[in-house]
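Chain letters run A, B, ... following the sequence lines, proteins first and then strands; every chain starts at 1.
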2 protein chains.
Amino acid sequence: MATGSRVTRQRSSVWLSERKTPRRKGDQQPVGLDRVKIVAATMRLLDAEGLSGFSMRRLAAELGVTAMSVYWYVETKDHLLELALDAAMGEIALPIEAVRPAEGCADPLAEPRDWREQLRQLASEYRQVLVRHPWLSALLGEYLNIGPNSMTFSNAAQAVMRNSGLPDDKITSALALVYQFVYGFGTNEARFAARCRAAGLSQDELFHDVMNLVEDRPEFDEPRQIMEARGGDTVEEMRDREFTFALDLAIAGIEALRTP
Amino acid sequence: MATGSRVTRQRSSVWLSERKTPRRKGDQQPVGLDRVKIVAATMRLLDAEGLSGFSMRRLAAELGVTAMSVYWYVETKDHLLELALDAAMGEIALPIEAVRPAEGCADPLAEPRDWREQLRQLASEYRQVLVRHPWLSALLGEYLNIGPNSMTFSNAAQAVMRNSGLPDDKITSALALVYQFVYGFGTNEARFAARCRAAGLSQDELFHDVMNLVEDRPEFDEPRQIMEARGGDTVEEMRDREFTFALDLAIAGIEALRTP
DNA sequence: ACCTGAACACCGTTCAAGT
DNA sequence: ACCTGAACACCGTTCAAGT
């Protein structure tokens with residue numbers, strides 16, 4: 001109460017506001033900055049320092065420019081982060097048929113594949129981008145997700161799921177099951193990797209450290225056989241198996257509940 | 001580069017550090033603050049203002065105390081947030097058998113139930129707490145999740161899944177599939193509700209607004225029949241059905257892939 | 001059209017000091 | 001043992017001014 005009222009931040013998405021700079025008309029004098037460069041530098045910085053290490057001032061320094069210059073090209077920090085988010089989503093490779101369903105298939109290698117295979121590919125790509133850019137999860141959780149690349153991705157996901165044989169009214173459920181799972185899985189994986197980097201440990205080392213810590217705590221009363229059963233030689237191997245089988249479960253569920 | 005080196009924040013969890021204040025010995029002079037009160041105020045503030053509206057200074061003001069007083073009871077802001085996280089997880093009601101598996105069942109109403117029913121209960125409870133405390137998702141995604149209540153919850157989840165008939169080496173996959181799904185689902189639901197509050201709109205109003213916006217965008221090329229097929233009279237109804245059926249899919253998958 | 005500099009209203013946290 | 005006040009090194013963003 002003491003500090004009184006507080007502005008509720010409700011700046012709408014970049015994607016719903018007019019571009020700030022008009023497209024360049026003729027050839028003006030050369031300029032150092034532009035949106036593309038700024039977003040690229042943003043992603044570099046985010047990759048290197050994490051979301052909490054990123055600031056407009058730091059970005060400006062990286063670009064060799066004063067703190068306020070960036071604001072010429074971008075309305076707010078939030079808008080800039082939305083641009084980075086969508087750029088990251090653009091790194092996801094999509095199955096060709098999902099993108100252009102009606103295109104003639106001149107390339108025999110590009111022949112339509114099974115929906116399961118396409119689903120697994122999309123899931124794997126999504127997982128990979130989440131791990132490659134550990135800051136992406138938080139942004140996906142914070143902003144509306146309606147940039148062009150995000151839309152293309154979700155359209156592709158829908159297109160794939162429509163081939164599963166599930167009735168129309170179940171498709172969003174199946175999409176939610178699969179992609180929320182991948183999101184959560186990739187988020188955890190990325191966070192763990194970031195912790196490893198920060199602590200200077202390998203994934204296996206940190207994993208065993210955490211295991212030992214947790215096993216000593218009184219609240220941990222679950223049988224270790226489950227922890228051990230998932231085995232595998234390395235943490236990464238264990239995780240891959242876990243991921244693959246979870247997808248298998250989802251796919252099996254879809255196959256079981258579709259009307260044939 | 002310009003700003004030089006930067007400390008990588010790697011303060012270990014509250015749960016891995018000694019308590020800051022020793023337990024009170026005799027009866028000292030009455031004190032205004034304590035950890036319980038601080039955490040309660042933290043949660044109130046987080047509920048009211050969101051994570052971005054929360055600050056140590058604001059919390060202190062709320063407690064009618066100077067900014068630095070809180071630091072007597074809590075090492076850092078991060079530690080405080082971890083405490084709030086675990087307190088929120090403590091609000092999840094667990095199936096009785098999952099908590100004390102070996103206890104005699106004197107109460108006939110407490111007789112062991114089907115694992116599917118228990119799974120649905122846990123999923124629903126988890127979803128609800130995520131919606132009740134919209135700040136929880138971000139914290140779950142940021143900190144190690146090893147407070148006592150978090151551990152109890154994950155133990156319960158494991159206990160339930162062990163009754164599914166899935167072989168030991170598949171259990172963590174199934175847990176990941178279900179709970180990551182619920183996490184993502186609840187996160188989105190909470191975020192949407194927060195947006196509604198901020199915009200002063202009902203969920204149905206905002207939903208239709210967003211739908212109209214998105215449909216106008218060139219990238220949105222997916223058939224509206226899927227959007228419409230999931231139907232229901234209200235957004236909430238639609239969401240509940242989506243949630244329920246996604247869980248059905250996961251359960252069907254588990255049933256299909258267990259060895260009977 | 002593009003960039004700067006100073007300033008405002010915030011942060012989390014340290015540290016020396018009070019009682 | 002508990003709380004305060006001043007200070008440090010940061011934030012995002014506004015605004016008037018330069019070229």
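Using the Watson-Crick or G-U wobble rule with both distances under 3.5 Å, C:dA1 pairs with D:dT19. If you check C:dA6 for Watson-Crick or wobble pairing at under 3.5 angstrom, you find it paired to D:dT14.
A donor-acceptor pair shorter than 3.5 Å can be found between the side chains of A:Trp135 and A:Asp47. Of the N and O atoms on the side chains of A:Ser13 and A:Glu82, at least one donor lies less than 3.5 Å from an acceptor on the other residue. Side-chain polar atoms of B:Tyr143 and B:Asp78 form a donor-acceptor pair below 3.5 angstrom.
The A:Tyr73 side chain lies nearest to C:dC3 when the options are D:dC2, D:dG12, C:dC3. Distance from the side chain of B:Ser55 is smallest for C:dC11 among the nucleotides C:dC11, D:dT13, C:dC3. The side chain of A:Val65 lies closest to C:dT4, out of C:dT4, D:dC3, C:dA7. Distance from the side chain of B:Arg57 is smallest to C:dG12 among C:dG12, D:dC3, C:dC3.
Rounded to an integer number of Å, the gap from NZ of A:Lys77 to P of D:dT14 is 14 Å. For the pair B:Met56 CE and C:dT13 P, the computed distance is 6 Å after rounding to whole Å. The distance from atom CG of A:Leu45 to atom P of D:dC11 is 11 Å, rounded to the nearest whole Å. Atom NZ in B:Lys37 sits roughly 12 Å away from atom P in D:dC2 (whole-Å rounding). Whole-Å rounding puts the B:Leu81 CG to C:dG12 C1' distance at 12 Å. For the pair B:Arg58 CZ and C:dG12 C1', the computed distance is 16 Å after rounding to whole Å. Counting to the nearest Å, the P atom of C:dT13 and the CG atom of B:Leu80 are 10 Å from each other. Rounded to an integer number of Å, the gap from CD of B:Glu75 to P of C:dG12 is 16 Å.
Residue A:Tyr71 has no polar side-chain atom (N or O) positioned under 4.0 Å from OP1 or OP2 of D:dC15. Of the side-chain N and O atoms in B:Thr66, none sit less than 4.0 angstrom from OP1 or OP2 of D:dC3. Contact annotation: B:Trp72 side-chain N/O to D:dC3 OP1/OP2 distance is not under 4.0 Å.
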Show your reasoning for whether ring-ring contact (aromatic ring centres under 6.0 Å, His included) applies to A:Tyr126 and A:Phe181.
CA-CA 11 Å; A:Tyr126 189 25; A:Phe181 157 70; over 10 Å; no
Verify ring-ring contact (aromatic ring centres under 6.0 Å, His included) between B:Phe153 and B:Tyr179, making sure each step is shown before the conclusion.
CA-CA 11 Å; B:Phe153 172 68; B:Tyr179 291 98; 5.7 Å; yes
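Residue contacts shown for B:Met68 include a base, since a base heavy atom lies under 4.0 Å away.
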